[in-house]
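We use all heavy atoms of the structure for the numbers below, so side chains are in, but hydrogens, waters and symmetry mates are not. Note on naming: letters A, B, ... go to the chains in the order of the sequence lines (proteins, then strands), and numbering restarts at 1 for each one.
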Protein chains: 2
Amino acid sequence: MKNLPDKTVERLSQYRRALLVCLADNKMHIFSHELAGLIHITPVQVRRDIILIGYSGTLRKGYDVRELVSLIGKIIDTEEGLRACIVGVGNLGRAIIRYFKDKRTKLVITAAFDTNPEKVKCVFSGVRCYPIEQLESVIREQDISIAILTVPGEVAASVAETLEKAGIRGIINYTPTPLNVSEKIYLGEYDMITSLEKAAYFVKNNRGE
Amino acid sequence: MKNLPDKTVERLSQYRRALLVCLADNKMHIFSHELAGLIHITPVQVRRDIILIGYSGTLRKGYDVRELVSLIGKIIDTEEGLRACIVGVGNLGRAIIRYFKDKRTKLVITAAFDTNPEKVKCVFSGVRCYPIEQLESVIREQDISIAILTVPGEVAASVAETLEKAGIRGIINYTPTPLNVSEKIYLGEYDMITSLEKAAYFVKNNRGE
DNA sequence: AATAAACTGTTAATGAAATAACAATACAAA
DNA sequence: TTTGTATTGTTATTTCATTAACAGTTTATT
Ligand SMILES: NC(=O)c1ccc[n+]([C@@H]2O[C@H](COP(=O)([O-])OP(=O)(O)OC[C@H]3O[C@@H](n4cnc5c(N)ncnc54)[C@H](O)[C@@H]3O)[C@@H](O)[C@H]2O)c1
Ligand SMILES: NC(=O)c1ccc[n+]([C@@H]2O[C@H](COP(=O)([O-])OP(=O)(O)OC[C@H]3O[C@@H](n4cnc5c(N)ncnc54)[C@H](O)[C@@H]3O)[C@@H](O)[C@H]2O)c1
């Protein structure tokens with residue numbers, strides 16, 4: 001499959017989240033306008049995305065939810081699954097560990113790291129916390145591809161360097177410190193202040209979404 | 001000032017974050033390529049954004065950091081400041097409260113809400129937690145414009161409804177439940193699973209950022 | 001049958017965002 | 001001076017994303 005647009009990839013993830021809720025409700029088919037409504041976009045966009053991934057629905061019946069979920073899985077997930085780790089088990093790190101627990105089978109948080117001796121060896125929502133010194137060895141042993149960075153901002157850069165040496169392939173940075181890593185590594189930076197300031201700007205200017 | 005593009009608004013927030021670090025380092029001028037490097041974009045884009053907000057630098061000297069910070073403030077912030085609240089003081093809620101503490105003067109978290117009697121009346125990083133029953137009155141009294149939603153997914157929709165009744169103008173939803181609120185209300189939905197799955201997709205396909 | 005309604009799928013048009021190309025100018029060095 | 005260099009600011013172009021328009025199908029209804 002050719003490279004999908006960035007935005008489509010994001011929406012596929014959202015579609016799947018919504019579709020899994022449908023499945024849980026025993027809803028087996030869904031129309032483009034229903035799916036669109038669930039995530040606040042237009043039906044046309046849903047259909048375009050779906051065409052883009054090479055699926056098609058049946059007229060007057062909509063899309064088969066299970067098939068669509070499975071196809072999105074084929075695109076986003078890997079056969080063998082990917083493993084992720086949390087670096088920095090503070091409030092945010094723990095929140096994320098707990099949130100991910102049992103959410104996905106092909107994308108699992110398998111390890112956490114911290115410097116605090118009290119946290120090391122603890123198990124948080126089923127995830128073992130290792131001392132930061134073992135970061136490299138654990139990442140290699142467990143074949144962890146993605147790291148979620150929730151350490152204090154001051155140490156983010158040095159931790160990122162260690163992650164790079166350990167052969168990590170993607171970093172999600174929740175730290176306020178922007179990182180500089182090799183081009184080869186996928187880097188996602190998320191700062192809640194930006195989210196909130198964006199909201200503030202739109203509220204100030206009386207613009208809805 | 002005319003309505004700025006969405007993306008520009010986001011970048012302005014990022015610029016300011018970076019610029020504040022510069023100021024703290026006593027760096028008084030900055031070139032477009034320096035600022036660009038700090039947030040991984042191109043110098044041209046920085047210059048375009050800056051032109052868009054009606055500022056101009058001086059040749060061979062770059063942009064005046066303080067002036068730029070102040071101008072971005074004029075755009076994003078309001079004179080009197082905006083207030084925000086946290087609804088749901090769990091791990092995530094506490095992490096956010098702590099993170100925002102003392103970060104901005106014009107955008108402040110002034111209240112938190114929870115149903116848990118043990119949390120009510122507690123003060124988290126300087127922010128008082130009120131019982132959810134007082135949500136409406138506190139929002140009106142303190143003139144809170146933005147709510148950050150970090151309650152369990154199951155109650156998100158009903159809390160959002162209460163927020164709407166209380167006259168909230170923006171909601172930032174970290175809950176996995178997509179919300180349906182009036183068009184008038186700014187709504188930002190952020191799901192970490194989407195961020196992680198996006199990372200997984202790009203890692204799988206060996207594409208960097 | 002014929003007609004209407006409800007969808008999907010596709011192509012065309014528009015709009016937004018990013019990039020490229022380059023003109024203009026200040027400063028430094030020769 | 002003159003020339004070269006670094007940097008901003010502007011316009012043009014390209015790319016990407018969204019929306020609009022509509023053609024085509026299936027089903028239900030008369
Ligand atoms: N992006 C956002 O929106 C957002 C929101 C909240 C917090 N944050 C940031 O996320 C980070 C974590 O926030 P928090 O509230 O959980 O902080 P926290 O202080 O509770 O947690 C940080 C954890 O990192 C550990 N740590 C310190 N140095 C370490 C190192 N070198 N290696 C490994 N672990 C180390 C600490 O022991 C602690 O457990 C901070 O940088 C904070 O600014 C970001
Ligand atoms: N978007 C993300 O990336 C992300 C990441 C982690 C967690 N989450 C979500 O954020 C939410 C909070 O996560 P958490 O780990 O902090 O959970 P948590 O269970 O620790 O916190 C939830 C808090 O909400 C309170 N609460 C429950 N019902 C309430 C109500 N009706 N009104 C007000 N408060 C109420 C609880 O008492 C608790 O304090 C969950 O929905 C979780 O799925 C999202």
Correct closest heavy-atom pair for B:Pro178 and B:Glu189 would be CA-OE1, 3.5 Å
- Polar side-chain contact B:Arg48-D:dT8 base: donor and acceptor under 3.5 Å: no
All heavy atoms of A:Pro176 vs all of B:Arg17, minimum pair found to be O-NH1, 3.3 Å
| field | Check ion pair B:Lys204-A:Asp77 (N to O, under 4.0 angstrom) | value | no
- Is there a donor-acceptor pair under 3.5 Å between the side chain of B:Ser145 and the backbone N or O of B:Arg169? no
Separation of D:dA6 atom C1' from B:Ile30 atom CD1, nearest Å, is 16 Å
Rounded to whole Å, CZ of A:Phe31 lies from P of C:dG9 at a distance of 12 Å
Q.
Under 4.0 Å, counting only non-hydrogen atoms across every strand here, what does B:Ser32 touch: a base, just sugar-phosphate, or nothing?
A. sugar-phosphate
B:Glu34 CD to D:dA6 P, in whole Å, measures 14 Å
Taking the side chain as every heavy atom from C-beta outward, state whether B:Thr110 and B:Val138 have any atom pair closer than 4.5 Å.
no
From OH of A:Tyr55 across to P of C:dG9 the rounded distance in Å is 9 Å
Rounded to whole Å, the CD-P distance (A:Gln45 to C:dG9) equals 16 Å
Nucleotides 24-30 of chain C: which of its N/O atoms have a protein N/O under 3.5 Å away?
none

For a quick test of reading the model: is some side-chain N or O of B:Arg47 closer than 4.0 Å to OP1 or OP2 of D:dG9?
no
Whole-Å distance, A:Asp64 CG to C:dC7 C1', equals 16 Å
note: B:Ile50, atom CD1; D:dG9, atom C1'; distance rounded to Å ~ 11 Å
From the candidates C:dA21, D:dT8, C:dT10, the one with an atom nearest any side-chain atom of A:Val44 is C:dT10
Would A:Glu136 and A:Arg140 pass as an ion pair if we require N to O under 4.0 Å? yes
For B:Met192 and A:Tyr174 the tightest heavy-atom approach is CG-OH, 3.1 Å
Whole-Å distance, A:Leu52 CG to C:dT8 P, equals 17 Å
Walking DNA chain D from its 5' end, the first of B:Tyr63 and A:Asp6 to be reached, judged by nearest nucleotide, is B:Tyr63
